[in-house]
Undergrad: 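Sharing a structure, written as structure tokens. Questions coming.
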Amino acid sequence: MKKSKILMLLPAFLLVGCAKSINKEDAQAKAKQINEYQEQHPITEFKFEMYSLTQEDDEKEEERASYEFSEEKVYFHIKAEETDMYAYKQESKYYVVNATEKQYYEFGEEAKASFDSMIAGQKTQLAGRFAGMARADIDGLLEEYVRVPNAEVKYSTKGDGSLIVEASYKGSEGGATGEISAKVVWDKYYPTEMSVKINSSGEGHSFKSEMSAKFEYSVNPSFVDLSSYTKISN
């Protein structure tokens, strides 16, 4: 299976309404508050959508993915290039659905433990992925994506639980020109948007990379019409 470009981008952050400019020291203090709040108030319902683009000369690769999760509603949905998986409760039954292969498992209330066991790994992976993205890690961001020492970095906030970080660079070195713009926004202690764009060219070659993500904290479950799907024996 091809390694997802999106998953490679997930562990780090990219870097704005009316916001007050702050210095890096104050931004780090904001980040610490955000991380401490997240540890004390873990999110149990979220949705995020991601897009990535990598283009080197004439070779181009795009990818989209979406992730939905709700502990209370007993629902998650993962849709990426090679995956379209659901797990949910509908009425008194529990379902694990592979929409790509049009196959599903069905469990009654008496077999809920089997349902929980089947989806435990995916739930843990998805929750961990979100937690890794949600964490406010300014130094990690700059080290991963803004590797030039003279990049301009701006910090701002709209109040408690709010942190906005923007980074930009434009310059040339060794016959190549490059441009970077990055942005991450946390609001109410959780991320709402991320983006990064990188462009470079020189000596007859060009490179372009983009990644963006948007977050929501309310999920409306959608259930699959299983009439044309194959039921797999438990």
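Computed over heavy atoms, backbone and side chain alike; hydrogens, waters and symmetry mates excluded.
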Undergrad: Do the charged groups of Lys123 and Glu71 touch, with an N to O distance under 4.0 Å?
TA: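 Salt bridge: yes.
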
Undergrad: Identify the residue among Glu109, Glu106, Glu72 that makes a salt bridge (Lys or Arg N to Asp or Glu O under 4.0 Å) with Lys89.
TA: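 For Lys89, the salt bridge (Lys or Arg N to Asp or Glu O under 4.0 Å) check succeeds only for Glu109.
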
Undergrad: If I compare all heavy atoms of Phe215 with all of Pro191, which pair ends up nearest, and what's the gap?
TA: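 Minimum heavy-atom contact is CB-O, 3.2 Å.
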
Undergrad: Thr124 side chain to Ala120 main-chain N or O, any donor-acceptor pair under 3.5 Å?
TA: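 Checked: pair present.
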
Undergrad: Is any side-chain heavy atom of Val153 closer than 4.5 Å to one of Val165?
TA: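 When only atoms from C-beta onward are counted, Val153 and Val165 do touch, with a gap below 4.5 Å.
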
Undergrad: So, taking the atom named CE in Met50 and the one named CZ in Arg129, what distance separates them when rounded to the nearest 0.5 Å?
TA: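 CZ of Arg129 is found 9.5 Å from CE of Met50.
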
Undergrad: So, the side chain of Thr157 versus the backbone of Ser162: is there a donor-acceptor pair under 3.5 Å, distance only?
TA: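 At least one qualifying donor-acceptor pair exists.
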
Undergrad: Pairing donors with acceptors under 3.5 angstrom, does anything connect the side chains of Ser168 and Ser181?
TA: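 The answer is no; no qualifying pair exists.
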
Undergrad: Answer whether the closest heavy-atom distance between the side chains of Met85 and Val96 falls below 4.5 Å.
TA: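 Counting from C-beta outward, Met85 and Val96 do come under 4.5 Å.
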
Undergrad: With a 3.5 Å distance limit and no angle check, can you tell me whether Gln38 reaches the backbone of Tyr189 through a side-chain donor-acceptor pair?
TA: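 Looks like yes, one N/O pair under 3.5 Å.
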
Undergrad: For the residue pair Tyr217 and Tyr190, does the interplanar ring angle fall in the parallel (under 30°), tilted (30 to 60°) or perpendicular (over 60°) class?
TA: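 Tyr217 and Tyr190: tilted rings.
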
Undergrad: Does either side chain, that of Tyr75 or that of Glu45, offer a donor lying less than 3.5 Å from an acceptor on the other one?
TA: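 Checked: Tyr75/Glu45 side chains show no N/O donor-acceptor pair below 3.5 Å.
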
Undergrad: Where do Phe46 and Ala127 come nearest, in terms of heavy atoms and distance?
TA: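 Here Phe46 and Ala127 meet closest at CZ-CA, 4.4 Å.
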
Undergrad: Yes or no on side-chain hydrogen bond (donor to acceptor under 3.5 Å, both in side chains) for Gln28 and Tyr155, after CA distance, side-chain angles and deciding distance?
TA: CA-CA 10 Å; Gln28 294 284 22; Tyr155 308 96; over 6 Å; no

Undergrad: Test ring pair (Phe, Tyr, Trp, His ring centres under 6.0 Å) on Phe107 and Tyr94 and set out the steps.
TA: CA-CA 5 Å; Phe107 303 86; Tyr94 297 85; 8.0 Å; no

Undergrad: Does any N or O in the side chain of Glu193 come within less than 3.5 Å of the main-chain N or O of Val184, such that one atom is a donor and the other an acceptor?
TA: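 No.
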
Undergrad: So with a 6.0 Å cut-off around CD of Glu62, is the heavy-atom count from everything else above 12?
TA: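 Check passes, neighbour count above 12.
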
Undergrad: Restricting to non-hydrogen atoms, name the atom on Lys208 and the atom on Glu210 that form the minimum distance, rounded to 0.1 Å.
TA: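 Of all heavy-atom pairs spanning Lys208 and Glu210, the closest is CE-OE2, 2.9 Å.
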
Undergrad: So which atom in Ala136 and which in Ile34 form the shortest heavy-atom distance, rounded to 0.1 Å?
TA: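 The pair with the smallest heavy-atom distance is CB-CG2, 4.2 Å.
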
Undergrad: Any donor and acceptor pair, going by atom type alone, linking the side chain of Asp187 with main-chain N or O of Thr192 inside 3.5 Å?
TA: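 No, Asp187 side chain to Thr192 backbone: no donor-acceptor pair under 3.5 Å.
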
Undergrad: Would you check, one step at a time, whether the test side chain to side chain contact (heavy atoms under 4.5 Å, CB included) holds for Lys158 with Leu163?
TA: CA-CA 7 Å; Lys158 296 180 181 180; Leu163 176 61; over 6 Å; no

Undergrad: At what distance, to the nearest 0.5 angstrom, does CG of Asp137 lie from CG of Asn35?
TA: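 That separation rounds to 8.0 Å.
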
Undergrad: For residues Tyr88 and Phe76, establish whether the separation of their ring centroids is below 6.0 Å.
TA: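 So the answer is no for these two rings.
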
Undergrad: Without swapping roles, check the side chain of Asp57 against the backbone of Glu59 for a donor-acceptor pair under 3.5 Å.
TA: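 Answer holds: no.
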
Undergrad: Going by an N to O cut-off under 4.0 Å, is there a salt bridge joining Glu110 and Lys112?
TA: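 No, this pair does not count.
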
Undergrad: Show the nearest heavy-atom pair for residues Gly108 and Lys93, with the distance to one decimal.
TA: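 The answer is CA-CD, 4.1 Å.
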
Undergrad: Does this structure show an ion pair linking Lys214 with Glu216, if we count only N-O contacts that are shorter than 4.0 Å?
TA: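 No.
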
Undergrad: Compute whether any side-chain donor of one residue and acceptor of the other, for Glu101 and Tyr229, lie under 3.5 angstrom apart.
TA: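 Side chains of Glu101 and Tyr229: no pair found under 3.5 Å.
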
Undergrad: Quick one: do Asp26 and Lys30 make a salt bridge, cutoff under 4.0 Å?
TA: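 Salt bridge: no.
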
Undergrad: Between Asp84 and Lys79, is there a donor-acceptor pair closer than 3.5 Å when you use the side chain of the first and the backbone of the second?
TA: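 Checked: no pair found.
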
Undergrad: With side chain to side chain contact (heavy atoms under 4.5 Å, CB included) as the test, pick out the partner of Tyr104 among Val97, Ile232, Thr230.
TA: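 Among the candidates, only Val97 passes.
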
Undergrad: Take atom CG in Asn150; do more than 12 heavy atoms of anything else shown fall under 6.0 Å from it?
TA: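 Yes - once you tally the heavy atoms of other residues, nucleotides and ligands closer than 6.0 Å, there are more than 12.
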
Undergrad: Could you go through the side chain to side chain contact (heavy atoms under 4.5 Å, CB included) check for Ser228 and Lys102 one step at a time?
TA: CA-CA 8 Å; Ser228 63; Lys102 291 196 170 184; 4.3 Å; yes

Undergrad: Using a 4.5 Å cut-off on heavy atoms from C-beta on, say whether the side chain of Glu179 contacts that of Ile198.
TA: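 The answer is no, as the side chains (C-beta and beyond) never meet within the 4.5 Å cut-off.
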
Undergrad: If the threshold is 4.0 Å, N to carboxylate O, is there a salt bridge linking Asp139 and Lys24?
TA: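 Salt bridge between Asp139 and Lys24, a charged N being under 4.0 Å from a carboxylate O: yes.
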
Undergrad: With a cut-off of 6.0 Å (strictly less than), are more than 12 heavy atoms of other residues, nucleotides or ligands near CG of Asp116?
TA: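 Correct, the count exceeds 12.
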
Undergrad: Looking only at atom types and distance, does a side-chain atom of Trp186 sit under 3.5 Å from a main-chain N or O of Ala31, one as donor and one as acceptor?
TA: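 Here the side-chain-to-backbone pair does not exist.
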
Undergrad: Could you pull out the closest heavy-atom pair between Ser172 and Thr177, with the gap in Å?
TA: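 Answer, listing the atom of Ser172 first, then Thr177: CB-CG2, 3.8 Å.
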
Undergrad: Within a strict 4.5 Å, meaning less than it, do heavy atoms of the Glu39 and Arg135 side chains meet?
TA: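 When only atoms from C-beta onward are counted, Arg135 and Glu39 do touch, with a gap below 4.5 Å.
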
